[in-house]
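Take a look at the structure set out below.
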Amino acid sequence: KAGVTQTPRYLIKTRGQQVTLSCSPISGHRSVSWYQQTPGQGLQFLFEYFSETQRNKGNFPGRFSGRQFSNSRSEMNVSTLELGDSALYLCASSSDPGGYNEQFFGPGTRLTVL
Amino acid sequence: GNSVTQMEGPVTLSEEAFLTINCTYTATGYPSLFWYVQYPGEGLQLLLKATKADDKGSNKGFEATYRKETTSFHLEKGSVQVSDSAVYFCALSDQLSGFGSNYKLTFGKGTLLTVNP
């Protein structure tokens, strides 16, 4: 079974631009969660989608948004990029909402904002 | 709200040394507890889990026991290897009230472990 894939793996943008990251979950998984990982703040929960509906949202500004498609693939969008948005963005999929049993993580997308 | 506190790293050990990484939690319900590991350049992988009090999770020589009375889930390994060098995250999954079967993972800040030969 293929694992969680994220594209692109690396991204360099400048302040003010917007970016879209993509995540393909494990086949059959309907829950996709997004996390931001930085050295200072650690892993912070962004949001979770289950069957195309946002079920949970973390404490991030409205510049961060996401969506999930009918095939469970998910995208995350960040508009008006700031230097502080530089981070590793991790996507995780699960067969159940919120990952009660286990979340399976992708390798992440490394975003650098200049 | 829920929170997880891990011992701060980095932790540096020699091969075959004993490892303990402390983890304590605060939760309103009856959470499941997890340890995830992140190897360099990779995403997180589930290492072990425990879903109720006194459960012991174990995998690859690592163990952790769910202690409700001390709200702890410390990670231990009797003899570490160089290949265990990674970042270890303690996490809890708790049910959000009013959301049915909806759970949310809360992570600790992670502990970097380096094992020298």
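Chain naming here is simple, since letters A, B, ... match the order of the sequence lines and numbering starts at 1 in each. Heavy atoms only: backbone and side chains are in, while hydrogens, waters and symmetry mates are out. Since the structure is predicted, the reported quantities are computational estimates derived from the model, not experimental observations.
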- Measure centre to centre between the rings of A:Tyr35 and B:Phe107, then say whether the value is under 6.0 Å.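 Under 6.0 Å, so yes.
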- Do A:Ser51 and A:Arg30 have side-chain N/O donor and acceptor atoms under 3.5 Å apart?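 Short answer, yes.
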- Item | Engaged part of A:Gln44 at the chain B interface, taking heavy atoms whose separation is under 4.5 Å |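 Neither part.
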- Looking at A:Gln37, A:Arg110, A:Gln41, which has the largest count of heavy-atom pairs under 4.5 Å with chain B?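 Of A:Gln37, A:Arg110, A:Gln41, A:Gln37 has the most heavy-atom pairs under 4.5 Å with chain B.
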- Message: What I want to find out is whether A:Arg63 reaches A:Asp85 closely enough, with some N-O distance under 4.0 Å, to be called a salt bridge.
- Response: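 Here A:Arg63 pairs with A:Asp85 in a salt bridge, since their nearest N and O are under 4.0 Å apart.
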- Task: Indicate yes or no for a side-chain donor-acceptor contact from A:Gln6 to the backbone of A:Cys91 under 3.5 Å, with no hydrogens or angles considered.
- Result: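 Checked: pair present.
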- Message: Between B:Gln45 and chain A, with a heavy-atom cut-off of 4.5 Å, which part of the residue counts as in contact: side chain, backbone, both or neither?
- Response: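 The answer is neither part of B:Gln45.
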